[in-house]
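Please read these numbers as outputs of a predicted model, since none were measured by experiment. Chain identifiers are assigned alphabetically (A, B, ...) following the order of the sequence lines, protein sequences preceding nucleic acid strands; residue numbering begins at 1 within each chain.
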Amino acid sequence: MGQPSGMQVRPAKVAAAIFAGASMLAVFFGLPSAARYARADDPAVSAKNSYEGDAGQAATGRGLFNQYCAHCHGPNAVSPDPPRDLRRLKRSYGENMANVFHFTVTHGRPDKGMPNWTGRLDDETLWTIFAFLQTVQAEP
Amino acid sequence: MSRLSGMLAGSLLALSALPLGAAAESGKSWTIYGGDTANTRFSALTQINRGNVSKLRVAWVAQLGSLEAQESTPLVVDDTLFVTTSAGPRYVYALNAKDGTPKWKYAPEIPGDVQQTTCCGLDNRGVAYAGGKLFLGRLDAHLVALDASTGKELWKTQVVDYHEGAAITSPPILVKNLVITGYAGGEYGVRGAITAYDQDTGKQVWRTHTVPAAGEPAAETWKNDSWKFGGGAAWLVGSYDPQLNLVYYGASNPSPWGASVRGPDTSDYGKFTNLYTASTLALDADTGKIVWHYQTTPYDTWDYDGVNELVLADLDINGQKTPVGLKADRNGFFYVLNRQTGALISAQPFVMVNWAKEIDLKTGRPVEVPERRPRLDVWAKDICPNLFGGKNWEPMAYNPQTGLVYIPTFNLCMDLVGRKEERKKGAFYLAEEFDLDKPGPGGFMSEMVAWDPISQKRVWGSKEELPFMGGALTTGGGLVFHGNIQGWFKALDAKTGEELWKFNAGSGISQGAITYELDGKQYVAVVSGRLKTPPSFLGHTGERIFASSPEGGALFVFELPD
């Protein structure tokens, strides 16, 4: 992890401003707020998922998901509980889905029951899980 | 009837010197979680009975102010009803038992991050009462004493550091001057213990670990130093026999679920039984010393746990009145044990079981079907029952008049495989991958089973479409009450299982009901508020459960019209 490089500062600020706006709108309309959980200057934004569209990774990711995440998020990500239903990530966060995913998993939401996986699952593992989650997203 | 009164009279004699309140004396109050220290959930009251239960109607309702997973058994002491809520608990209420008027409310400060260290929902199953005090275990693994007349906190003590992955969800049991509790944590690699504190001061009197440390007796049942994170959490309620002065507790599954770090990872496990996990323990109430143990699932890897409550009864076994303990184990077998010695009397499957052929009566051990034991990276498929067990915490009830035990059962199966995993403090430590969304055969996923513990045979069953049916209450009125996950609260004929009455409470019911009498009138009370976390483990079946009733939080009290 480490600090964002100087290169990223400007876009991060722009994004932060957009996020702030989005979050006000979200509050106003009661929409799920990405900005509450994901920060635009998270280095993971640029890291992105290197396994996108890789079917082999998605299959491995399914196994990892079922081992580490399924007892809270449901087998194969089938969960009946909206806040825990990870098939809704794309509908909730759109373009920002990878960012929210990475930030949430590496910071947790301790008061809501989502653990912080830093030090337990490395980035490669997390993106492998993400590759699986991308295959189960509900249609927008 | 004679068996019952004999037993109650016996326990009351012994209890009369103790500050245990009215107990089930006349069946009029409900002063302890299981109805009595034997955990029978039987009440002798007869005013509401087979003939008139169809007229039962709501007397009053109390909103609990907290949603999800209401698992509290209310207590009624004199004219006060005490009930806890989910989420910590968020509240403990004292209400007028006749009309629900609030007397006081206790709202503890529970840290938000306990969410992470509770495996199966933010539940609380209630308080214990003695001598004007209430005792409460919390999700932050603290035990507190409250003044029962004001709700004021009298003392508070940390039982274990919840950051390890521990929590207290069940009420303690009270014996003489002691308050005795276990804690949850078998999914986090917490090493289990049962601890007794002084009721007046909260000072620790004894502590007995359910998993031995290196060098202690039974340590050789663990591979290497796997005992350190060995589980065996005593997270449900204890029972107490005052004559024998024995306290009975179940200890949970070993940690992690995946067995390869704890032994040879085969059905031929030899000495690696992992004591005292998945066992019932009998402890000397004064010292905490383990007097006997009975391990129902040696070297468990199915999360068959071992915590289910031991119901104490005196049964006629081969013409001999015998003090027994009855246990409908998660592993699917119904055990009748001599509760003085721990000797096995009989064991038979009370649901569909395919992981073991039978219990060997000589060794007391299950005869395993090796291909149904998951191993490291080797799947075992279609194992029945699944890890919710033949029965889970939802309590059974024993009616000495019918001689039957009423067991809320599951009909679910699963696939499991062991995986390698490191333990991290406060994080789930399962080392297993699972698929639990496998309904058993027959088109139903739970069933109230009336079981004859002497002949070890099923007498009747009342099927439910969805799993997680509620616990049982049985009465002298010839009735069995229970709820279901859709929110229906039902009265069945205790002899035949025929449904005599039902009421839609609007959100799932999982805890057993209670009954009490006030000013000559009998009431029945039950909490409603659907489970959230355990059904989430089930994928598509979980979606059906969530669709069948919303989250909720209310106490319903019923009466007959005047």
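- Taking non-hydrogen atoms and a 4.5 Å limit, the residue list of residues 63-70 of chain A in contact with chain B, ordered by number, reads A:Gly63, A:Asn66, A:Gln67, A:Tyr68.
- No other option in B:His540, B:Glu543, B:Glu187, B:Lys424 has as many heavy-atom pairs under 4.5 Å with chain A as B:Glu543.
- The shortest heavy-atom contact between B:Phe546 and B:Ser536 is CZ-OG, 3.8 Å.
- For B:Tyr429 and B:Trp257, the ring centers are positioned 6.0 Å apart or more.
- Residue B:Leu538 touches chain A through its backbone alone, counting heavy-atom pairs closer than 4.5 Å.
- Using a 4.0 Å cut-off between charged side-chain N and carboxylate O, B:Asp305 and B:Arg330 make a salt bridge.
- In summary, the aromatic rings of B:Phe468 and B:Phe410 are positioned with their centroids under 6.0 Å apart.
- Between the side chains of B:Gln70 and B:Ser86, at least one donor N or O sits under 3.5 Å from an acceptor N or O.
- With 3.5 Å as the limit, one finds no donor-acceptor pair spanning the side chains of A:Asp85 and A:His73.
- With a threshold of 4.5 angstrom between heavy atoms, B:Thr533 approaches chain A through side-chain atoms but not through N, CA, C or O.
- The contact between A:Asn116 and chain B is made entirely by backbone atoms, counting heavy-atom distances below 4.5 Å.
- Residues A:Thr60 and A:Thr128 bring no donor and acceptor atom of their side chains to less than 3.5 Å of each other.
- Interface remark: of the candidates A:Pro115, A:Cys72, A:Gly74, A:Pro115 forms the most heavy-atom pairs closer than 4.5 Å to chain B.
- Partners of B:Lys381 by salt bridge (Lys or Arg N to Asp or Glu O under 4.0 Å), not counting sequence neighbours, listed by chain and number: B:Asp415.
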